[in-house]
There are 2 protein chains.
Amino acid sequence: MGHVSASVHGEEVVVVRADAVRNREAVVVAAASVLAGSGLNASVAEIADRAGVAKGTVFRHFASKDDLVAAVVAGLIDDLAAQAEAMLAGPDALQALHDFLAAGIELQARDQAFCELASTAELVVPGLAERRERLEEVAELLALRARESGAVRAQISGRDVIGLMTAAYQGACATGDPQRWPYFLSLLVSGLRHADT
Amino acid sequence: MGHVSASVHGEEVVVVRADAVRNREAVVVAAASVLAGSGLNASVAEIADRAGVAKGTVFRHFASKDDLVAAVVAGLIDDLAAQAEAMLAGPDALQALHDFLAAGIELQARDQAFCELASTAELVVPGLAERRERLEEVAELLALRARESGAVRAQISGRDVIGLMTAAYQGACATGDPQRWPYFLSLLVSGLRHADT
DNA sequence: ACCTGAACACCGTTCAAGT
DNA sequence: ACCTGAACACCGTTCAAGT
């Protein structure tokens, strides 16, 4: 985390060694790709190997494996939230909601670790709760717009929108063919349009 | 697995020691309750402790932890399949399909290990594939009846029905409130009624 | 200040020694 | 024939020793 090494004009200056910066970044990059491919059970040893550092170095930069996972997944959630914000400007409110759900589903398909976290609602991982809230807020806006446009009859909160993302992809996975997710998504969206829950 | 100990009238007679029978049963019972509560990550040591046997004894009766899990979960799936068969006789085809889905969801809520397996579609566990097929066949009949009754417009296979079970419960879990599953189930069933997929 | 690798407690699994 | 507990390889995590 860096260390106070000097005091200039009364300001504390934090100096971090160059190799430390490089190693931290290498660990994050390696973790991102290993976790995406193998999920949460990927071993720290594999990540350390891929990053070209010793296992101990991973724990110098991140207090635990969970912390490392959180750092990586936080980036993914932020990206998704940014996409969602862009979609708010779209002309068709129902289409925007549908596209957001598809984006979240494709992220689950692309990233095994995100998929597992999205499924178990493991807010256990610290530091992820806030990211999730931001995502829920944008999702709530997308849902509100869709309801106001009259295309959606069902009551639906931001949390529910996240639930739909997970429901569609996990449902498809349970059939043994994850690529079938558009079927489940279309059922859910059709439900949103017609059900009065 | 027992051992040939005698030959009477030319028939081979397999004799199993009484303590072996008792221990095997104790392991299965212990595993059922531990797995239901703690999920697939529950340790063999905990199961052995609860059963009152040494860890090694578990592996004398089951080749691996996965085999033990399969034995326990196979029972759960069989029970669910039996419930489904009973529902085939019901007067309202859509209601029967709905009730079956609810039963599958409640099983996920009650049993953590089943929930995790239903979600990941891990047919990896050997011996479970056949049980699943039987469940899919009954589910297919329930779906067919619902379509023929005219209440359901969407195309839906037995595999899809299983997917709906998982979708509804996992969706609810992702909202942080598993008890919200009826909301997701009603969306999906409403989708089945109206979507033409 | 940071990196490394040996060490620890825990897991699933194996197996020699007991009965 | 079966049970037991010690042993092994693997995991996440810690820490003394190096630079």
Side-chain angles (χ1 to χ4, degrees), chain A residues 1-7 12-31 34-35 38-72 113 116 122 124-126, chain B residues 1-7 12-31 34-35 38-72 113 116 122 124-126:
Chain A
M1 269 307 187
H3 185 85
V4 177
S5 73
S7 178
E12 287 182 345
V13 178
V14 176
V15 174
V16 181
R17 259 165 51 176
D19 57 346
V21 178
R22 240 182 299 116
N23 281 340
R24 183 181 227 277
E25 186 57 20
V27 166
V28 171
V29 169
V34 171
L35 289 170
S38 309
L40 299 174
N41 283 337
S43 76
V44 172
E46 189 184 346
I47 293 170
D49 275 0
R50 162 104 56 142
V53 301
K55 253 197 310 184
T57 302
V58 173
F59 290 96
R60 166 150 284 268
H61 291 287
F62 300 92
S64 67
K65 182 185 172 184
D66 273 0
D67 271 26
L68 173 56
V69 169
V72 168
E116 290 170 23
E122 276 183 33
V124 181
V125 189
Chain B
M1 269 307 188
H3 184 85
V4 177
S5 74
S7 178
E12 287 182 344
V13 178
V14 177
V15 174
V16 181
R17 259 164 51 175
D19 56 348
V21 178
R22 240 183 298 116
N23 282 339
R24 184 180 227 276
E25 187 57 20
V27 166
V28 170
V29 169
V34 171
L35 289 171
S38 310
L40 299 175
N41 283 336
S43 75
V44 172
E46 189 183 347
I47 293 170
D49 275 2
R50 163 102 56 140
V53 301
K55 255 196 309 182
T57 302
V58 173
F59 290 96
R60 166 150 285 268
H61 291 286
F62 300 92
S64 66
K65 183 184 171 184
D66 273 0
D67 271 27
L68 173 55
V69 169
V72 169
E116 290 170 22
E122 275 183 33
V124 181
V125 189

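Throughout, protein chains are lettered first and strands after them, A, B, ... in sequence-line order, and every chain is numbered starting at 1. Computed from heavy atoms alone, side chains included, the values below leave out hydrogens, waters and symmetry copies.
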request  = Find out whether Arg22(A) and Asp19(A) are in side-chain contact, i.e. whether some heavy atom of one side chain is under 4.5 Å from a heavy atom of the other.
outcome  = yes
task = Between Gly52(B) and Arg17(B), just flag the one whose closest nucleotide in DNA chain D comes earlier from the 5' side.
result = Arg17(B)
task = Send over the distance from Lys65(A) NZ to dG12(D) P, rounded to a whole Å.
result = 4 Å
inquiry  = From C-beta outward on Asp19(B), which listed nucleotide comes closest to its side chain: dC3(C), dT14(C), dC3(D)?
reply    = dC3(D)
inquiry  = Just the rounded figure in Å: distance from P of dC2(D) to CZ of Arg24(B).
reply    = 11 Å
ask   = Expressed in angstrom and rounded to an integer, what is the separation of Asp49(B) atom CG from dT4(D) atom C1'?
value = 13 Å
remark   = Rounded to whole Å, CZ of Phe59(B) lies from P of dT13(C) at a distance of 4 Å
inquiry  = Measuring from atom CG of Asn41(B) to atom NZ of Lys65(B), what distance do you get when rounded to the nearest 0.5 angstrom?
reply    = 6.0 Å
message = Distance check, rounded to the nearest 0.5 Å: His61(B) atom NE2 versus Asp67(B) atom CG?
response = 13.5 Å
task = Kindly say if His61(B) contacts the phosphate of dC2(D), meaning a side-chain N or O under 4.0 Å from OP1 or OP2.
result = no
inquiry  = So, OP1 or OP2 of dC2(D): does either fall under 4.0 Å of a side-chain N or O from Asn23(B)?
reply    = no
query = Which nucleotide, dG12(C), dC2(D), dT13(D), lies nearest any side-chain atom of Ser43(B)?
reply = dG12(C)
query = Between dA7(D) atom P and Lys55(B) atom NZ, what is the distance in whole Å?
reply = 13 Å
key: Length of the line joining Ile47(A):CD1 and dT13(D):C1', which is rounded to integer Å   = 14 Å
inquiry  = How long is the straight-line distance from CG of Leu40(B) back to CG of Asp66(B), given to the nearest 0.5 Å?
reply    = 8.5 Å
query = How far does CD1 of Ile47(B) sit from CG of Leu35(B), to the nearest 0.5 angstrom?
reply = 4.5 Å
inquiry  = Rounded to whole Å, please give me the gap between CG in Asn41(A) and C1' in dC10(C).
reply    = 15 Å
query = Any stems for DNA chain C, made of 3 or more Watson-Crick or G-U pairs in a row, each with both distances under 3.5 Å?
reply = C:4-8 with D:12-16, C:12-16 with D:4-8
